[in-house]
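All values reported here derive from a predicted model rather than from experimental measurement.
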Amino acid sequence: MDILGYSSYGWLPSALYLALLLILSLRPKEGLESSLSTALIQGAIFGILVVHGIQLHDSVFTSEGFVFGFAQDLSLIAWVGLAFYWFQSWFLPISSLRWMALVFALICSLLPCIFPGTLLSPKAVSDPWFKGHFVVATVSVGLLSLAAMHAMLMSIQDRALHRRLAIVPNSRAAHWLEDLPPLMTMESLLFNLLYVGFALLSLTVFSGLLFSQTLFGKPLVFDHKTIFALVSWFLFAGLLIARWRVGLRGRTAIRWVLSAYTALLLAYVGSRFVVEVILQRT
């Protein structure tokens with residue numbers, strides 16, 4: 001695939017993710033991982049992250065300008081989410097998120113092969129304000145993506161505990177659920193992710209609002225992206241305030257997280273998808 005003259009092996013990260021998932025699927029259903037097995041898996045994930053990261057950087061920040069689109073956005077979000085998972089999994093009991101994070105990265109890393117993006121700004125590569133805003137925005141959405149996956153995992157766990165989810169006894173899914181930490185531990189991990197993600201999202205949203213002319217070369221416009229970003233910010237803020245004031249938890253908190261994350265995706269990915277795919281505009 002060529003992106004404005006840049007030859008990119010865009011298929012390589014997704015092929016490596018798929019190979020790792022196939023290897024993991026062949027492992028025994030039960031039994032704890034040995035320290036050697038965990039280290040080998042972590043090493044493999046790190047290697048793929050390096051390949052994926054290099055491919056993303058070289059295809060987005062080109063010599064001709066800033067090449068981007070909804071597919072590149074999703075691929076970056078998935079990369080950041082998996083990178084956060086990789087780092088935190090050394091210290092926290094979140095190995096159950098591995099499959100979700102890898103599958104998400106596999107799917108999203110394939111999208112730029114189909115939707116190559118467009119040249120948005122020839123000056124963006126050399127503009128430190130824009131680069132800083134872009135990096136913080138990507139990190140915040142990637143971290144909140146990991147939080148959303150964590151919330152979905154909590155929802156599955158909660159339904160299984162209340163016998164509302166059919167799980168075949170002694171199956172891979174049953175062992176996977178048994179290996180999850182208790183729901184209260186999962187909830188504590190979720191809000192730790194949300195606190196950091198919300199702080200970065202706040203920096204992203206308000207830097208964009210206050211420095212729109214400097215960052216994007218145009219005054220602030222309340223378009224769909226701005227509105228959905230603000231809606232997402234208010235939803236996350238409301239969730240964290242409710243957690244602090246009344247101890248919000250359980251299914252209500254999970255639904256709140258997923259609603260706020262949906263608004264965030266509509267802001268940062270949905271608007272690009274509509275322009276590039278539905279309206280066929282560059």
How far does [atom1] of [X] sit from [atom2] of [Y], to the nearest 0.5 angstrom?
X: Leu49; Y: Trp79; atom1: CG; atom2: CH2; value: 6.5 Å
X: Met149; Y: Leu82; atom1: CE; atom2: CG; value: 8.0 Å
X: Phe206; Y: Leu201; atom1: CZ; atom2: CG; value: 8.5 Å
X: Ser109; Y: Ile48; atom1: OG; atom2: CD1; value: 9.5 Å
X: Phe228; Y: Leu235; atom1: CZ; atom2: CG; value: 11.0 Å
X: Ser140; Y: Leu200; atom1: OG; atom2: CG; value: 6.0 Å

Are the side chains of [Y] and [X] in contact, using a 4.5 Å heavy-atom criterion?
X: Ser89; Y: Gln42; value: yes
X: Ile77; Y: Cys108; value: no
X: Asp158; Y: Arg251; value: yes
X: Ser37; Y: Ile41; value: yes
X: Ser259; Y: Phe236; value: no
X: Lys225; Y: Leu266; value: no

Is it the case that one hydrophobic cluster holds both [X] and [Y], taking links as side-chain heavy atoms less than 4.5 Å apart, direct or via other members?
X: Leu12; Y: Ile54; value: yes
X: Met184; Y: Tyr195; value: no
X: Ile114; Y: Phe104; value: yes
X: Leu74; Y: Ile107; value: yes
X: Val205; Y: Ile227; value: yes

Non-hydrogen atoms of [X] and [Y] that approach each other most closely:
X: Ala147; Y: Leu194; result: CB-CD2, 3.9 Å
X: Leu106; Y: Ser14; result: CD1-O, 3.1 Å
X: Ala242; Y: Trp256; result: CB-CZ3, 4.1 Å
X: Gln157; Y: Pro182; result: NE2-C, 4.3 Å

### Task
With side chain to side chain contact (heavy atoms under 4.5 Å, CB included) as the test, would you mind laying out the steps for Leu143 and Val80 before giving the verdict?
CA-CA 7 Å; Leu143 184 53; Val80 171; 5.5 Å; no
Determine yes or no for a side-chain-to-main-chain donor-acceptor pair under 3.5 angstrom, with [X] supplying the side chain and [Y] the backbone.
X: Thr38; Y: Ser35; answer: no
X: Gln72; Y: Phe115; answer: yes
X: Gln88; Y: Tyr85; answer: no

### Message
The test is ring-ring contact (aromatic ring centres under 6.0 Å, His included); show your working for Phe198 and Trp233 and say whether it passes.
### Response
CA-CA 8 Å; Phe198 178 72; Trp233 186 89; 5.4 Å; yes
### Query
Under 3.5 Å, is there a donor-acceptor pair linking the side chains of Tyr261 and Ser232?
no
### Query
Can a donor-acceptor pair be found between the side chains of His52 and Ser75 at a distance below 3.5 Å?
yes
### Query
So with a 6.0 Å cut-off around CH2 of Trp90, is the heavy-atom count from everything else above 12?
yes
#### Entry: Over 12 non-hydrogen atoms of neighbours within 6.0 angstrom of CZ in Phe87
no
For a quick test of your reading: what N or O donor-acceptor pairs under 3.5 Å do the side chains of residues 186-193 make, sequence neighbours left out?
{"from": "Glu187", "atom 1": "OE1", "to": "Arg243", "atom 2": "NH1", "distance (Å)": "3.1"}
{"from": "Glu187", "atom 1": "OE1", "to": "Arg249", "atom 2": "NE", "distance (Å)": "3.2"}
{"from": "Glu187", "atom 1": "OE2", "to": "Gly250", "atom 2": "N", "distance (Å)": "3.0"}
{"from": "Asn192", "atom 1": "ND2", "to": "Ser188", "atom 2": "O", "distance (Å)": "3.3"}

### Task
If the plane angle is over 60° it's perpendicular, under 30° parallel, otherwise tilted; pick one for Phe46 and Trp86.
tilted
### Query
Does the pair Trp11 and Leu110 meet the rule for a side chain to side chain contact (heavy atoms under 4.5 Å, CB included), with working shown?
CA-CA 6 Å; Trp11 53 268; Leu110 266 176; 5.6 Å; no
